[in-house]
Peer 1: 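Handing you this structure, nothing more for now.
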Amino acid sequence: MQAEAGASLNAAAAPSAGRDETSSDSGADATPPRPTTDETAEQPSRSNRLIAVLIGIAVVTYAIDQLSKAWVVANLQMGEPHPIVGEFFQLRRAANPGAAFSIATNATWLLTIIAIVVIGCTIWAARKLRSRGWAAALGLLIGGALGNLTDRFFRAPGGGKGHVVDMFQLPNWPIFNVADVWIVSAAVLICLLAFRGIGIDGTRVSDDKDKDTDEHATRSEPARTDDAER
């Protein structure tokens, strides 16, 4: 009698245990894994580091531009050539009311407004910064734009209409300055990043395509299994 009672109790307990295990497993499968604290904290810290890189590059490039212009103003006469590599590359001081490479010389005020807008948009876009390449490009862009914008406000005639100091002369090429070099370098780097499919947030277009392909394959896999069972 005791043996039969024990066997019946064990048999009744077994299905219950099975149901508990099944419900426990299904509950575990239904709950998505949560990111760890380290993974959550890593993204803001990486963004802060890259913003610091951007600011450092912008400060250095701005300082180089302003120091070079101060040296030119102090040591070179307006329009006087100073050969560096013969006539191929020489220094020649010039006052430029236009944009880089003497473009739009009659639209000084418009260029000043555009420079302010570009700097503002660049700073706004930096909120999503997750790429070292983009940090370098935006730093160069801000440093160069600020360099020429400083001349607009603090060199004659001033008030946003100031003439930018240029000094580099190449054959058959408009005279330019260090800030122009930074701006053009930023544009080239941005084009390279875009060509490689790297976004400002560090994502790649190819990675997104691979992710979409994997998700599509995962959704299609149960259907193929059902067909095989039938």
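Numbering starts at 1 and runs along the sequence shown.
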Peer 1: Just wondering, are more than 12 heavy atoms of other shown residues or ligands nearer than 6.0 Å to CZ in Arg132?
Peer 2: no

Peer 1: How far apart are the C-alpha atoms of Arg155 and Val164, what are their side-chain angles, what is the distance that settles it, and do they pass the side chain to side chain contact (heavy atoms under 4.5 Å, CB included) test?
Peer 2: CA-CA 7 Å; Arg155 298 193 185 276; Val164 174; over 6 Å; no

Peer 1: Using only atom types and a distance under 3.5 Å, with no angle test, would you say the side chain of Asp151 pairs donor to acceptor with the backbone of Val165?
Peer 2: yes

Peer 1: In Å and rounded to the nearest 0.5 Å, what is the CG to CE distance from Asp180 to Met167?
Peer 2: 9.0 Å

Peer 1: What distance separates Phe88 CZ from Leu170 CG, expressed to the nearest 0.5 Å?
Peer 2: 5.5 Å

Peer 1: Hey, any chance Ile198 and Phe195 share a hydrophobic cluster, counting ILVMFWY side chains that come within less than 4.5 Å of each other, even indirectly?
Peer 2: no

Peer 1: For the atom pair CG (Leu141) and CH2 (Trp134), what is the distance rounded to the nearest 0.5 Å?
Peer 2: 10.0 Å

Peer 1: Output yes when a side-chain donor or acceptor of Thr203 lies under 3.5 Å from a complementary backbone atom of Gly199, and no otherwise.
Peer 2: no

Peer 1: Hydrophobic clusters here meaning ILVMFWY residues chained together by side-chain heavy-atom distances under 4.5 Å, can you tell me if Leu91 and Met78 are in one?
Peer 2: no

Peer 1: Between Gln169 and Trp173, is there a donor-acceptor pair closer than 3.5 Å when you use the side chain of the first and the backbone of the second?
Peer 2: yes

Peer 1: I need the minimum non-hydrogen distance between Ala179 and Gly144, along with the two atoms involved.
Peer 2: CB-O, 3.4 Å

Peer 1: Please name the pair of heavy atoms, one in His82 and one in Glu80, separated by the smallest distance, quoted to 0.1 Å.
Peer 2: CD2-O, 3.2 Å

Peer 1: Could you tell me whether the side chains of Asn96 and Asn177 share a donor-acceptor contact shorter than 3.5 Å?
Peer 2: no

Peer 1: For a 4.5 angstrom cut-off between non-hydrogen side-chain atoms, does Arg152 reach His163?
Peer 2: no

Peer 1: What distance separates Leu138 CG from Leu189 CG, expressed to the nearest 0.5 Å?
Peer 2: 9.0 Å

Peer 1: Looking only at heavy atoms, what is the nearest atom pair of Ile175 and Phe168, with distance?
Peer 2: CG1-O, 3.0 Å

Peer 1: Does any N or O in the side chain of Arg93 come within less than 3.5 Å of the main-chain N or O of Gly79, such that one atom is a donor and the other an acceptor?
Peer 2: no

Peer 1: Given the rule in the side chain to side chain contact (heavy atoms under 4.5 Å, CB included) test, do Arg92 and Asp166 qualify, once you have shown the distances and angles that lead to the verdict?
Peer 2: CA-CA 8 Å; Arg92 184 191 297 268; Asp166 287 338; over 6 Å; no

Peer 1: Grab the two heavy atoms, one from Ile190 and one from Ala137, that are nearest each other, plus how far apart they are.
Peer 2: CG1-CB, 3.7 Å

Peer 1: Are Ile142 and Trp124 linked, directly or through other ILVMFWY residues, by side chains that come within less than 4.5 angstrom of each other?
Peer 2: no

Peer 1: How far does OG1 of Thr122 sit from CG of Leu129, to the nearest 0.5 angstrom?
Peer 2: 11.5 Å

Peer 1: Identify the heavy atoms of Ile57 and Ala135 that sit nearest to each other, and give their distance.
Peer 2: CD1-O, 4.3 Å

Peer 1: When you look at Asn148 and Lys69, which way does the side chain to side chain contact (heavy atoms under 4.5 Å, CB included) test go after all the steps?
Peer 2: CA-CA 10 Å; Asn148 285 339; Lys69 290 174 178 175; 3.1 Å; yes

Peer 1: Leu67, Leu146: one ILVMFWY side-chain cluster at the under-4.5 Å cut-off?
Peer 2: no

Peer 1: Got more than 12 heavy atoms from elsewhere within 6.0 Å of CZ, Phe154?
Peer 2: no

Peer 1: After noting the C-alpha distance and the side-chain angles of Ile200 and Arg130, does the key distance pass the side chain to side chain contact (heavy atoms under 4.5 Å, CB included) rule?
Peer 2: CA-CA 6 Å; Ile200 193 172; Arg130 298 291 188 280; over 6 Å; no

Peer 1: For residues Ala115 and Leu149, report the shortest heavy-atom separation together with the two atoms involved.
Peer 2: CB-CD1, 4.0 Å

Peer 1: Calculate, to the nearest 0.5 Å, the distance between atoms CZ and OG belonging to Arg204 and Ser131 respectively.
Peer 2: 8.5 Å

